Structures are given as structure tokens and as C-alpha cells.
K.L.:
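Quick one: the structure is below, and I'll ask about it shortly.
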Amino acid sequence: MARKISFRQAVNEALAQEMTRDPRVILMGEDVAGGAGAAGEHDAWGGPLGVTKGLYTKFGPTRVLDTPISESAFIGAAIGAATAGLRPVAELMFVDFMGVCFDQIYNQAAKFRYMFGGKAVTPVVIRCMIGGGFRAAAQHSQCLYPLFTHIPGLKCVIPSSPYEAKGLLIEAIRDDDPVIFFEHKLLYDVEEEVPEEAYTIPFGEANVLREGKDATVVALGRMVSLAMQAAQALAKDGISCEVIDPRTTSPLDADTILESVGTTGRLVVVDESSPRCNMATDISARVAQDAFAALRAPIRMVTPPHTPVPFSPALEDLYLPTADKIAAAVRQVMGRAAA
Amino acid sequence: MARKISFRQAVNEALAQEMTRDPRVILMGEDVAGGAGAAGEHDAWGGPLGVTKGLYTKFGPTRVLDTPISESAFIGAAIGAATAGLRPVAELMFVDFMGVCFDQIYNQAAKFRYMFGGKAVTPVVIRCMIGGGFRAAAQHSQCLYPLFTHIPGLKCVIPSSPYEAKGLLIEAIRDDDPVIFFEHKLLYDVEEEVPEEAYTIPFGEANVLREGKDATVVALGRMVSLAMQAAQALAKDGISCEVIDPRTTSPLDADTILESVGTTGRLVVVDESSPRCNMATDISARVAQDAFAALRAPIRMVTPPHTPVPFSPALEDLYLPTADKIAAAVRQVMGRAAA
Amino acid sequence: MLQLNRDELLQAYRRMRTIREFEERVHDEFANGAIPGFVHLYAGEEASAVGVCQQLREDLDYIASTHRGHGHCIAKGCDVDTMMLEIFGKQGGLCNGKGGSMHIADLDKGMMGANGIVGGGPPLVCGAALAAKTLKTGGVAVAFVGDGGSNQGTTFEAMNLASVWKLPAVFVFENNGYAEATASSYSVACGDIARRADGFGMPGRIVDGHDFFAVYDAAQEAIERARAGDGPSLLEFKLNRYFGHFEGDAQTYRGKDEVAKLRESKDCLTLFRRRVSEAGLLDAPQMDAIDAEIQALIAGAVAGAKAAPYPGAETLLTDVYVSY
Amino acid sequence: MLQLNRDELLQAYRRMRTIREFEERVHDEFANGAIPGFVHLYAGEEASAVGVCQQLREDLDYIASTHRGHGHCIAKGCDVDTMMLEIFGKQGGLCNGKGGSMHIADLDKGMMGANGIVGGGPPLVCGAALAAKTLKTGGVAVAFVGDGGSNQGTTFEAMNLASVWKLPAVFVFENNGYAEATASSYSVACGDIARRADGFGMPGRIVDGHDFFAVYDAAQEAIERARAGDGPSLLEFKLNRYFGHFEGDAQTYRGKDEVAKLRESKDCLTLFRRRVSEAGLLDAPQMDAIDAEIQALIAGAVAGAKAAPYPGAETLLTDVYVSY
Ligand SMILES: Cc1ncc(C[n+]2csc(CCOP(=O)(O)OP(=O)(O)O)c2C)c(N)n1
Ligand SMILES: Cc1ncc(C[n+]2csc(CCOP(=O)(O)OP(=O)(O)O)c2C)c(N)n1
Ligand SMILES: [Mg+2]
Ligand SMILES: [Mg+2]
């Protein structure tokens with residue numbers, strides 16, 4: 001049965017259902033319960049934004065483990081435990097913190113299987129928050145998924161809605177490879193209909209949210225809803241957009257994008273991450289290589305500028321992509337001046 | 001006066017000349033001297049491949065500092081010292097080790113100036129080795145410069161020859177921003193004519209090594225000489241390549257590339273880094289956005305496959321781009337079957 | 001206590017009071033919705049920042065702070081008006097609105113920044129100390145770290161490096177009992193952080209962090225040791241924070257009335273007042289006058305911040321590199 | 001010594017000799033140009049790997065190794081033929097030629113891999129220990145770390161985490177005096193690594209790492225403690241490496257005749273032979289026979305590796321993910 005729940009609840013529910021199904025699934029991270037060793041309530045936090053709240057009460061201290069602020073140790077422990085029979089879900093909190101533990105992710109987890117000649121299985125999920133708009137400034141607002149997507153051996157998942165979050169997270173937990181799961185912090189309060197029962201959304205299958213014939217708009221994470229807004233606005237001007245959410249950047253469902261561009265002949269890629277070597281370039285380049293013949297206009301990338309994320313709300317609003325900027329880019333590839 | 005010296009000597013000479021010129025330039029890293037606390041020779045190593053050998057003897061222990069294996073601490077110390085009046089050159093050894101200290105680079109050094117409203121100056125250079133072909137396997141053969149290029153606030157330099165290495169390293173040391181300097185380990189023994197006196201090569205100015213009218217080949221680091229080999233081979237078939245070495249990926253001299261494609265109408269990008277979200281995609285996407293009208297054929301990217309770097313020589317040889325693969329890509333964009 | 005003259009005592013009191021008042025007002029303004037983002041308040045811990053920084057020179061000595069950085073800023077001499085502008089994200093802020101609370105910094109005052117990364121500061125402090133040593137400035141550098149930050153690899157590494165290089169550095173651990181909602185009794189396996197000093201070849205001391213004078217004395221010893229070229233020290237201050245981890249934290253992990261009791265029995269300002277009064281060094285009216293003065297100062301800072309414009313759009317793209 | 005029976009003593013000797021012979025032959029073959037890449041040899045340190053691993057179960061207990069991993073592999077029961085194939089980069093190698101010396105691993109034997117990253121192993125060991133604890137397998141996990149690796153933040157963090165979670169883990173520091181060319185007396189600020197144990201809430205011991213029996217006893221205590229659920233321990237073995245940091249290292253940082261003297265006076269195999277002979281537990285001919293047998297074994301492994309083909313081109317693209 002479907003009922004409306006928030007993105008936050010969807011993540012929580014996915015975790016709870018998988019932990020119930022499989023005793024090898026454990027959770028760890030800083031304050032994923034919250035209150036370890038303290039005088040008051042344990043399970044006080046559920047992470048800084050309350051996403052895992054209640055799971056400690058449900059599953060107890062052997063399944064939900066608070067950690068010291070030692071990301072290398074506990075992310076590495078999740079990885080090591082995955083090679084030794086558990087299926088840990090580790091929370092890195094903000095993706096911005098990857099810099100203190102990246103080695104365990106890209107040199108260890110990502111490479112075990114290859115380096116060991118196919119003999120390792122590392123079913124670990126690393127959850128983290130991404131994105132701007134929270135006025136959280138330069139070290140708590142980054143996306144950084146291009147850095148993970150770059151690394152062979154990792155899978156990268158960017159859910160764009162509550163429904164997507166639940167299905168993709170359950171898939172991630174059941175997947176036998178290391179998966180990085182990027183949750184946009186501005187999506188947590190978004191609600192939509194989500195089935196109560198467990199379900200999975202396969203990796204590497206893009207979601208075509210809207211079919212269209214004039215231009216293909218590929219967007220990730222929170223950008224998907226902005227792309228949909230833009231598409232609606234453009235429809236009023238008679239421009240028909242196909243909106244595609246790749247869901248996973250690694251593996252990437254290039255086929256769906258290439259096919260779409262094959263029809264529309266025009267591509268706009270929307271990516272909230274910094275503009276250099278990001279997913280916008282990745283997808284654009286792929287299309288320029290493999291669907292060139294179909295292209296009827298320059299590809300356009302809608303991204304923030306090449307700057308750190310500013311704190312001031314006035315500046316951050318300018319920094320982030322918006323539906324208007326997306327619509328303007330589509331008009332541009334359509335050869336129409338800004339409306 | 002120019003004489004032939006190796007890439008290794010060129011780096012050493014650049015360091016020595018800058019350290020002589022400016023007492024604020026110091027060197028630090030694991031075994032950049034080599035032998036600290038040991039019974040035998042100090043200055044025993046000069047790094048694992050002997051690049052800094054002799055500098056300890058020349059400049060003494062206050063200018064050349066061996067460190068414990070604590071990359072976060074000493075890379076961070078170099079960064080902190082840069083904000084406090086020194087101009088440190090820190091050696092990370094293999095770029096593959098960035099995972100244990102990346103935070104200091106991308107969250108601290110790269111962002112200080114922006115976060116602090118323009119009040120910080122962080123003149124630090126981080127040297128590291130990149131690249132495959134050394135049979136050094138998955139954790140000592142990566143390129144990873146796309147990860148640094150992604151980060152606003154960093155400058156990224158990839159010298160392709162001894163001449164380039166000396167001029168770009170001196171520029172890096174004199175630059176007031178954090179600079180990551182990527183040395184391909186297979187280039188160290190390459191020799192060419194290099195002026196004895198100090199000189200600089202500005203950042204963000206691509207080097208056009210060869211002019212041509214049929215196709216533009218952009219290549220980085222060790223790939224530049226392979227691209228030149230390919231261009232020579234292709235010339236015999238009557239295909240005229242323009243070969244461009246961007247020298248720095250951040251800032252990127254997009255203009256030179258766009259102009260060249262404006263003439264040739266065809267682009268091949270050669271990048272030794274893993275294929276997703278890398279420089280090949282970055283440059284290709286830029287061209288597909290800003291020089292689309294000129295493009296007469298699909299862009300082609302020549303990169304390794306999306307796998308970790310294998311150890312076995314047989315596999316590593318297959319993994320790496322070669323002059324043949326580059327030539328084949330050019331033939332492809334020329335619409336000619338493989339010769 | 002006896003070593004401080006009247007002016008110094010007044011300055012210490014003034015700075016502690018400034019921090020307290022600053023934080024109480026930021027707390028209110030956050031609750032009002034006037035301040036965006038993540039804000040971590042320092043109220044309750046004032047004796048640490050002031051007891052240490054009062055012995056540092058603005059022009060020579062460096063500190064690196066944490067996410068909980070307002071107090072360290074004020075103690076190191078930063079201007080409260082521009083600080084408040086920064087926290088509001090306004091033009092003319094200490095970082096022109098680009099950093100905010102978590103990245104507030106003032107290199108001109110030797111304040112290397114609050115830090116959004118737990119454990120981000122200690123390596124940087126090694127660098128500032130190395131610069132002082134190499135350039136023979138006579139300066140020292142102090143890392144402020146939390147109990148939670150004491151478990152970060154960067155912190156451990158920095159302590160070892162500081163010892164190996166015999167740097168003029170001090171590692172101050174502000175153990176306020178919690179990292180977010182996690183008790184330090186859980187996360188610091190050895191109990192007292194100071195027990196780690198020996199493993200990094202430096203002396204370590206545990207100090208009552210509510211007691212300005214105890215902090216002052218311990219810091220003096222460590223700073224003098226550093227200045228003399230004898231290497232780094234570790235100080236662990238046991239103290240408490242009065243507000244939540246960040247603004248908005250419901251603090252259900254804390255014991256019932258925990259904070260109320262602390263405010264009552266473990267207030268560094270109350271303790272300071274009592275001590276200097278009993279010793280006849282300062283009298284209450286003097287200090288009350290400072291309180292009033294500071295209240296007006298901070299009220300002015302808040303009013304100024306509220307009235308100020310946001311930074312101009314053109315600043316979005318500046319300060320990325322030295323050239324633009 | 002008395003607690004080991006004859007078979008166990010023979011096994012210990014056999015494994016130590018296997019490591020020594022393996023490494024001496026790899027040294028030669030590297031010099032001949034038959035082995036590519038970076039190769040770090042374990043000769044001289046055999047008592048550590050074997051003294052510890054002899055008390056571990058292949059099917060249950062885990063170890064994580066370092067770049068200097070051949071000895072740990074052999075001690076944990078890996079097959080020397082497939083190891084040699086791996087080091088030569090040949091088909092059928094333990095990792096099918098994809099890992100090489102620096103990534104040699106055998107999860108089926110609980111060997112989590114050599115590691116190209118100094119400090120890469122300790123966090124992984126926390127994970128294996130956590131799995132054992134959570135799944136109640138009764139297993140333990142051992143991290144081998146060098147003196148250089150003792151200064152890596154990941155190592156410190158892992159020790160603290162292991163204590164916080166009371167994991168069945170042991171941290172073995174193989175202090176061979178050098179990290180590359182840097183002496184541990186320089187890089188470990190506190191002198192002995194074991195002095196750090198207290199700061200992580202665990203017991204620590206210093207042991208003569210050339211003495212198999214001392215290693216065995218210390219490891220037994222730590223492993224039993226771990227298995228009993230009493231948490232992690234730290235062991236520091238003082239020992240020496242006979243070859244350079246990696247093959248090709250000229251070792252000018254070492255004292256004159258340093259290695260020759262060590263081979264003479266600090267050879268764990270010689271020591272072992274003397275001890276068991278003096279105690280009348282094994283006699284020289286028995287051990288000589290093992291030596292001869294092992295020599296043949298390793299010669300066969302080398303010959304096999306030389307003759308073997310390289311992995312097929314199709315394997316370049318496999319083993320990236322479980323699905324391909
Ligand atoms: C590397 C990193 N991990 C986690 C966080 C999230 N975080 C911010 S503050 C904090 C707690 C810090 O506790 P402590 O060091 O004791 O400082 P306090 O807040 O008590 O002043 C955490 C976990 C972070 N900012 N950086
Ligand atoms: C993170 C990281 N930093 C540096 C290196 C380069 N490196 C490889 S081995 C080594 C020395 C290790 O010394 P130690 O831990 O004492 O082990 P030993 O070689 O003596 O066995 C160094 C610096 C590395 N592989 N990884
Ligand atoms: Mg705290
Ligand atoms: Mg060593």
C-alpha cells in the first residue's frame with residue numbers, strides 16, 4: 001500500500017525493512033543512534049537530521065552502532081566487516097567529510113575485487129548527505145559524487161524523490177558491491193506516495209520522468225524536480241522536454257540518454273556539482289562521442305560556477321542551478337532567445 | 001644555456017633554484033631527504049625515486065624536512081605554514097595516497113581564500129607521482145588529477161617533458177594559490193634540452209606542439225609524447241594532426257582547444273586517468289558546448305577502461321592508452337577504417 | 001591569579017563576558033530565524049579561549065579553532081561587529097559573508113579559522129608553528145580541539161608531528177563531555193584525553209576548564225615551553241557547553257536539568273567574579289559596568305548586522321584564486 | 001616453548017623457513033629482472049608472522065597485512081605456488097596476476113591482503129573483528145602494522161575504535177627500525193610504540209621480535225584476551241629486515257655492516273634452532289631436512305611461475321564488479 005511519506009521516512013523505512021529481513025545488515029556512524037554514554041536518552045538523534053531515528057530502539061546496540069569521530073576507522077570497519085560476512089550501512093554524514101577517509105573507499109573497498117582477482121565481495125553501503133541550499137557553507141554543501149563516480153569499483157546512487165530513495169536504498173543494501181548513496185539534504189522533507197512493502201529499483205536504469213521531442217534534459221538528485229518545473233514552464237511555450245533521471249551515475253544508463261538525444265537532437269545536462277570533471281561533462285562527452293550524428297545543437301551544461309559554496313543566502317541562491325536557469329538553457333539549445 | 005637533462009633533474013633543479021632564490025621555500029615529505037635518525041647517510045633517498053636527492057645536503061635540515069608517515073599532518077602543516085609566511089613544497093609521493101589527506105587539500109587549502117572573503121593567501125605546492133606503466137598495481141599507478149581539477153580553488157599542473165617540468169614547477173612555487181603538481185613516474189628518465197637558468201611557463205596557456213588541419217588531439221602528461229608519435233604515424237597517411245598539451249587542467253586553456261577545433265572540426269582527447277568524470281570528458285563536453293558548430297565528426301576519447309590498474313605487465317600494457325590507440329581514434333574521427 | 005594586573009583581569013573578564021553575551025544573542029537571533037545555517041555556540045567554555053588567548057600575541061601567534069569558533073575569535077581579538085555581520089551572512093562581514101559561523105576567520109589576528117571539519121585544525125597549527133620556528137618569529141600556535149575531535153586521525157598525527165619537529169605548538173582539548181550527542185566517556189577509550197600525551201612524546205595536563213586561573217596557569221606553562229623551543233604540550237580542559245550541539249538541538253541525550261545545574265554551579269564567569277572579588281582585585285560594580293557596556297556593544301552588533309545588506313552578486317565569483 | 005608440541009614446533013620452523021626461502025628467491029629473481037613492480041621482502045621478521053598466525057584459525061580468524069606481506073600470507077597458510085605466480089604477474093596467481101606483491105591476498109584463508117597504503121589495514125581489521133563479534137563466530141582479527149604505519153591517522157583511529165567497541169582485535173607493530181629510510185627513533189615521537197597503548201585504553205607490550213617464543217607467548221595472551229571478549233591489545237615487536245625497503249634500495253642510510261651483523265646475531269631462524277636443540281625438542285637433521293624440502297618447494301614455485309603464461313586479455317575487464 002502506498003501512502004505519503006517524506007524522503008527522510010523513506011530512507012528510515014528502507015533501513016528498517018532490510019534490517020528486519022537480514023540480520024547481517026548493521027548500521028554505524030556518528031550519532032546514528034545518538035546519546036552513547038550520555039545521561040539522557042539514547043536514540044536521541046538518528047543522525048544530525050534525524051534520518052535514522054528509532055532504529056536503535058528497534059534493533060538495539062549490536063545492530064546500530066554509534067562511533068567516535070574517526071571516519072577512516074569506522075568506514076574502514078564497515079568495509080572490512082563487509083568482506084567478513086556482514087552487510088554494513090555506514091553513514092558518513094556529510095559527503096564533505098570524505099576527505100578524512102577516502103582512502104578506505106577508493107583504494108580499499110573499490111579495488112578489492114579486482115586486486116584480489118575476483119575473490120572479494122564487499123557488500124557495504126555508505127550513506128551521505130549532499131548538496132546546497134541549507135546555508136551550510138563551503139564544507140557542508142558539496143555534492144562530490146563525480147569523485148566517487150570516477151573510481152572504478154564503486155557504484156553511485158543519487159535518489160531524487162522519496163519513492164526513489166526507498167527502492168534504490170533497498171537495492172543498494174542487497175547489492176554485493178560497494179555502493180555510495182547520496183542523499184540531498186534539501187529533499188528530506190519532500191513527501192510523496194511510497195509503497196509500504198519493500199521494493200527495489202535496479203541500478204543502471206534511468207527514469208524517464210517526462211517524454212518529449214524537442215530537447216533531452218538530464219538531471220540528478222534535487223535537480224530532477226527543478227528540471228521538471230522547467231519542462232512544465234517550457235511546455236507552455238510549446239517546447240517539449242524529455243526529462244531523464246539517471247538514478248545512478250555508476251553504472252550509468254547511457255543508452256536511455258543516447259536514445260533520447262537520438263530523438264530530440266538536443267541535450268541539456270543539469271548537475272549541482274562543481275563544473276569541472278563532473279557528471280554534466282561526463283554525460284555530455286558521452287553524447288558527443290556516441291550520439292553526435294543526432295545532435296542538432298550545442299550541448300548545454302547547467303551547473304554552479306567554479307567556486308566553493310558561499311554561506312550567505314544571497315550568494316548561495318545565485319550559486320545554485322534553478323528551474324529558470326534550466327529553462328534558459330533549453331531555450332538556448334532550441335535557438336530561442338531568453339523569454 | 002640549455003643542456004640535456006632528465007625530467008628528474010629538471011624537477012630537482014627547479015626546486016634548488018627556487019630554494020636558493022627564496023628562503024621561504026621549504027621542502028617536506030617522507031624521505032625527501034631520507035635517513036632521518038638512521039645510522040648511515042642522511043640525504044640517502046631524495047624520495048623513493050631520487051628526485052629530491054642532494055637538496056638536503058645543499059639546504060640543510062631546516063629547509064628539507066623528513067616527515068613521519070602522517071600525510072594529513074604534514075600536508076596540512078605545509079598548508080598552514082603557507083598561510084603563515086612560508087612557501088612550502090610538500091611531496092605526497094604517490095598521488096594514490098591522497099585518500100588519507102585529501103581533506104586538508106580540498107576543504108582547507110582550496111577553500112580558505114573564498115571562505116575567508118579573499119583574506120587568505122596559501123602559496124603551497126603539493127608534488128606527487130602519477131600514472132601507470134611501472135607495474136606498480138592498483139594503488140600506485142593512478143592519475144586522479146580529475147579529482148583535484150574538480151575542486152574550485154586548486155590549480156593543477158601536469159608537465160609532459162623535462163622542459164615543461166622545470167618551467168611549470170618554478171611557476172607553481174611562485175604562484176600564490178595552492179598548486180598540485182603531477183609528475184608522471186615514467187617520465188623521470190626522459191631527457192631533453194632544458195635551460196640552466198630559471199624560467200617560468202604560465203598556467204592556463206596550452207602548448208601547441210604540432211600544428212595540423214585535420215584533427216585536434218589534446219593530450220596530458222605522458223600521453224603527449226604518445227599523441228606526437230601517433231601524429232607522426234598519421235602524417236605518413238596524409239592525416240594532419242594538431243597536438244595540444246593543456247599543461248594545466250585548472251586553469252584550463254579552453255580557448256586554444258576551441259580555436260583548434262574551429263579549424264580542424266575534429267577532436268580526440270587522450271587521458272590516462274579513469275574514464276568517468278575525467279579530463280577527457282571535461283574537454284569533450286566543453287567543446288560540444290562551445291565549438292559545436294565547428295565539429296564535423298563525433299568526439300573520441302582515448303582512455304583506459306573503467307577498471308583499477310592491473311599489476312600483471314600483460315594486462316597493464318592492454319590497460320594503458322598507446323600511440324596506436326590514439327592513431328586509431330583519429331582515423332575514426334576522420335571516417336577512415338583502421339589502417 | 002596574582003600574576004595578572006588589574007587591567008589584565010578586566011580584559012579577561014571583558015572578553016569572557018563578550019563571548020557569553022555574543023552567544024546568548026546569537027542564540028536568540030537564530031531562534032528568531034534571523035541567522036541561517038549551522039551555528040555552534042561556545043557559551044560556558046569562555047575561560048578556555050580567554051585563558052589561553054590572553055597570553056598570545058595578535059600579530060605573532062596563531063590559533064586554529066573548531067566549528068565552535070566564535071569564542072576563540074573574540075578571545076583572539078576579532079571585531080564583534082564584523083563577526084556578527086559574518087554570522088548573518090552580510091556584506092562587510094569578517095569573511096564578507098562567504099564563510100559564516102563555521103568558517104569565521106581572521107588571519108590578520110592570527111585566527112586561522114573556525115573549521116567545518118572536525119580535526120581540520122591541528123595539522124594547520126603544525127604549519128603555523130613550523131613557520132614560526134623556521135622564520136624565527138618567536139611565535140607559537142595553539143590548536144583548539146574538542147573531545148570528539150580528539151579521536152580524529154588528523155589530530156593524532158599532528159601531535160606526533162609536532163613532537164618529531166619539536167614545534168612551538170599547544171594542543172588544547174576542550175572536553176565538554178559531548179561530541180554532538182555522544183559522550184566523551186564513550187568515544188575516548190582511555191577516559192582522559194590527557195593520557196594520550198605520553199604516546200606522542202609530550203607532557204599532558206588535566207585542568208578544570210571553568211576556572212579561568214587554572215586555565216591561565218596551565219596555558220602559561222605550555223606556551224612558555226613552546227616559546228622556549230622545548231616542543232609541544234597537551235592540555236585537557238574539562239568544561240561544559242550551555243547550549244545544544246548546534247542551534248536546534250533538542251538535547252534529549254543530556255540529563256534532566258543538567259544544563260540548569262551547570263549554569264548554576266559551573267559558570268566560569270560567576271567563578272571568576274567570585275575569585276577576584278574575594279581576593280579584592282576587582283569589585284562587582286566594575287564588572288557590572290562591563291556587563292552593561294558589553295550588552296550594548298552586542299546589541300549594536302546585532303542591530304548593525306540586521307540592517308546591513310547582503311553581499312553583492314558580483315562577489316559570488318571573486319576570491320576563488322588570488323587573480324580573481 | 002614448553003606448551004608447543006613437536007608437530008607444532010616443526011610447523012613453526014617450516015613456515016619460518018618457507019618465508020625465508022621464499023623471500024631470498026624473490027630477491028634473486030627480482031635482481032634477475034624476472035619480477036616487475038615494487039617488492040618488499042619480509043626476511044628477518046619471520047618470527048612475528050609465524051608466532052602470531054600459528055595461533056590463528058585459517059577459517060575463522062583474519063589478518064590484515066602491509067606492503068611487506070609475503071610472510072603474513074605464508075604464515076596464514078597461503079599456497080606458495082600461487083603466491084609466486086602472483087608475484088610474477090602470471091595466470092593462476094593467487095589474485096590471477098591482478099594484484100601482485102603489494103596486493104597479495106587470500107580471503108578464504110582469512111588473509112585480507114597486503115596493502116599498498118600504509119595504515120590501510122587497521123580499520124579493516126576492526127571490521128573483521130566486528131563481524132566476528134556480531135556474528136558470534138569466536139574469531140579474532142590481527143592487524144600487522146609497521147613502525148612507520150604506527151604514525152598514520154588510520155591506525156590511531158582504529159585502535160581507539162577497537163577499544164570503544166571492545167573488539168576481538170590485536171594490533172601488532174612490527175618495529176623494524178625503519179620506514180623506508182627514516183628511523184623509527186625519529187618518526188615515533190614517544191620512542192616505543194607500545195607507550196601509545198594506554199592512550200587507547202588497551203594493554204601494550206614490547207617483545208623481542210626475533211624470539212619466536214617470546215612472540216608466541218605475547219600473542220597468545222593478546223589473542224586469548226580478544227577471544228574472551230576482553231578487547232584489543234597492542235604488541236610491539238622489535239625486529240629487523242634483512243633486505244632494503246623495497247628491492248632496489250641501496251640502503252645507504254643503514255650503518256656499515258648493519259645487516260651482516262644482524263644476520264649473524266639476530267636471526268630468528270638461528271635462534272629458534274638453537275633454542276629447540278638446546279631444549280632437546282627438535283634436532284638439527286630434522287630441521288635440515290625441512291630446509292632441503294623447502295628449498296625444493298620454492299625452487300618449484302619459481303620454476304612454475306617462470307613457465308606460466310600471463311593472464312588472458314579478457315581478464316582485464318573482469319572482476320571490477322560482482323556482475324562483471
Ligand atoms: C570530519 C568530520 N566528521 C564529523 C563532523 C560532524 N560534526 C561536527 S561537530 C561534531 C562533534 C564535535 O565534537 P567535539 O569535538 O567534542 O566538539 P564540540 O562540539 O563538543 O565543541 C561532529 C561529529 C564534522 N564536522 N567533520
Ligand atoms: C599512505 C602511504 N604513505 C606512504 C606510503 C609509501 N610507503 C610505503 S612503505 C613505507 C614505509 C613503511 O614503513 P613501516 O610501516 O615501518 O613498514 P616497513 O616497510 O618497515 O615494513 C612508505 C612510506 C604508502 N604506501 N602509503
Ligand atoms: Mg565536545
Ligand atoms: Mg618499519
Side-chain angles (χ1 to χ4, degrees), chain A residues 72 96-108 110-111 113-115 137-139 142 144-147 149-153 249-250 252 267 269 273-293 295 297-301 305-308 310-311, chain B residues 72 96-108 110-111 113-115 137-139 142 144-147 149-153 249-250 252 267 269 273-293 295 297-301 305-308 310-311:
Chain A
S72 282
D96 312 67
F97 307 161
M98 54 86 79
V100 295
C101 63
F102 195 33
D103 180 73
Q104 289 290 328
I105 299 171
Y106 81 97
N107 272 331
Q108 314 295 335
K111 294 182 173 48
R113 190 165 179 83
Y114 196 81
M115 291 192 305
Q139 293 174 347
Q142 296 169 88
L144 299 182
Y145 44 75
L147 308 192
T149 304
H150 179 67
I151 304 296
T249 60
S250 187
L252 177 71
L267 176 65
V269 191
S273 66
S274 284
R276 303 296 314 283
C277 299
N278 70 355
M279 275 309 298
T281 72
D282 186 83
I283 290 170
S284 300
R286 185 67 190 272
V287 167
Q289 177 172 281
D290 296 333
F292 178 76
L295 273 178
I299 295 170
R300 287 225 67 84
M301 298 179 278
H306 183 65
T307 78
F311 164 65
Chain B
S72 282
D96 311 66
F97 307 160
M98 52 85 80
V100 295
C101 62
F102 195 34
D103 180 74
Q104 290 292 326
I105 299 172
Y106 81 97
N107 271 333
Q108 314 296 335
K111 295 182 173 48
R113 190 166 179 82
Y114 196 81
M115 292 192 304
Q139 294 174 346
Q142 297 169 88
L144 299 183
Y145 45 75
L147 309 193
T149 305
H150 180 67
I151 305 295
T249 60
S250 187
L252 177 72
L267 176 65
V269 191
S273 67
S274 284
R276 304 295 314 284
C277 300
N278 70 354
M279 276 309 298
T281 72
D282 186 84
I283 290 169
S284 300
R286 185 67 189 272
V287 167
Q289 177 172 280
D290 295 333
F292 178 77
L295 273 179
I299 295 171
R300 289 224 66 83
M301 298 180 277
H306 184 65
T307 78
F311 164 65

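This structure is a prediction, so every number in the text was calculated from the model and none was measured. Quick note on labels: first sequence line is chain A, next is B, and so on, each numbered from 1.
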K.L.:
Need one label for B:Pro275: side chain, backbone, both or neither, based on atoms under 4.5 Å from any heavy atom in chain A.
P.N.:
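When you check distances to chain A, only backbone atoms of B:Pro275 fall under 4.5 Å.
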K.L.:
List the residues meeting side-chain contact (heavy atoms from CB on, under 4.5 Å) with A:Pro152, not counting sequence neighbours, and say none if there are none.
P.N.:
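side-chain contact (heavy atoms from CB on, under 4.5 Å) list for A:Pro152, sorted by chain: B:Ser274, B:His306, B:Pro308, D:Val320.
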K.L.:
Please classify the contact between B:Ala297 and chain A as side chain, backbone, both or neither, with a heavy-atom cut-off of under 4.5 Å.
P.N.:
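The backbone, not the side chain.
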K.L.:
Which donor-acceptor pairs under 3.5 Å do side chains of residues 280-287 of chain A form with protein atoms, sequence neighbours excluded?
P.N.:
from, atom 1, to, atom 2, distance (Å)
A:Thr281, OG1, A:Asn278, N, 3.3
A:Thr281, OG1, A:Asn278, O, 2.8
A:Thr281, OG1, B:Thr281, OG1, 3.0
A:Asp282, OD1, B:Arg276, NE, 3.1
A:Asp282, OD1, B:Cys277, N, 2.8
A:Asp282, OD2, B:Arg276, NE, 3.3
A:Asp282, OD2, B:Arg276, NH2, 2.8
A:Ser284, OG, A:Ala280, O, 2.6
A:Arg286, NE, A:Asp290, OD2, 2.7

K.L.:
At their closest point, which heavy atom of A:Val100 faces which heavy atom of B:Asp103, and how far apart are they?
P.N.:
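Here A:Val100 and B:Asp103 meet closest at CG1-CB, 3.8 Å.
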K.L.:
Can you say whether A:Ile151 sits under 4.5 Å from chain B via the side chain, the backbone, both, or neither, judging by heavy atoms?
P.N.:
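For A:Ile151, backbone and side chain are both near chain B.
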K.L.:
To the nearest 0.5 Å, how far apart are CD in A:Gln139 and NZ in B:Lys111?
P.N.:
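Going from the CD atom of A:Gln139 to the NZ atom of B:Lys111 covers 7.0 Å.
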K.L.:
Answer with side chain, backbone, both or neither: which region of B:Phe97 has an atom nearer than 4.5 Å to a non-hydrogen atom of chain A?
P.N.:
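The backbone, not the side chain.
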K.L.:
Can you check whether B:Ser273 reaches A:His150 side chain to side chain, under 4.5 Å on heavy atoms?
P.N.:
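The answer is yes, as the side chains (C-beta and beyond) meet within the 4.5 Å cut-off.
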K.L.:
Does a side-chain heavy-atom distance below 4.5 Å link B:Phe102 with A:Leu147?
P.N.:
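They are in side-chain contact.
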K.L.:
With a 4.5 angstrom heavy-atom cut-off, which part of B:Leu295 approaches chain A: side chain, backbone, both or neither?
P.N.:
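Its backbone and side chain both get close to chain A.
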K.L.:
Under a 4.5 Å cutoff for heavy-atom pairs, which residue among A:Ala138, A:Ala288, A:Gly99 has the most contacts with chain B?
P.N.:
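Looking at each of A:Ala138, A:Ala288, A:Gly99 in turn, A:Gly99 comes out on top.
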K.L.:
Need one label for A:Thr307: side chain, backbone, both or neither, based on atoms under 4.5 Å from any heavy atom in chain B.
P.N.:
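For A:Thr307, heavy atoms of backbone and side chain both lie under 4.5 Å from chain B.
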K.L.:
May I ask you to decide if B:Met301's main-chain N or O and A:Gln289's side chain share a donor-acceptor pair within less than 3.5 Å?
P.N.:
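Judged by distance alone, yes, a pair lies under 3.5 Å.
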K.L.:
Which answer fits B:Gln142, side chain, backbone, both or neither, if we ask what part of it has an atom under 4.5 Å from a heavy atom of chain A?
P.N.:
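Contact with chain A involves the side chain of B:Gln142 alone.
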K.L.:
Taking it one step at a time, do A:Tyr106 and B:Leu144 satisfy side chain to side chain contact (heavy atoms under 4.5 Å, CB included)?
P.N.:
CA-CA 11 Å; A:Tyr106 81 97; B:Leu144 299 183; 3.8 Å; yes
K.L.:
Run the side chain to side chain contact (heavy atoms under 4.5 Å, CB included) test on A:Ile299 and B:Phe292 for me, step by step, so that the C-alpha distance in whole Å, both residues' side-chain angles and the decisive distance to 0.1 Å come before the verdict.
P.N.:
CA-CA 8 Å; A:Ile299 295 170; B:Phe292 178 77; 5.9 Å; no
K.L.:
Highest number of heavy-atom pairs under 4.5 Å with chain A: which of B:Met115, B:Arg113, B:Gln104?
P.N.:
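Top option by heavy-atom pairs under 4.5 Å: B:Met115.
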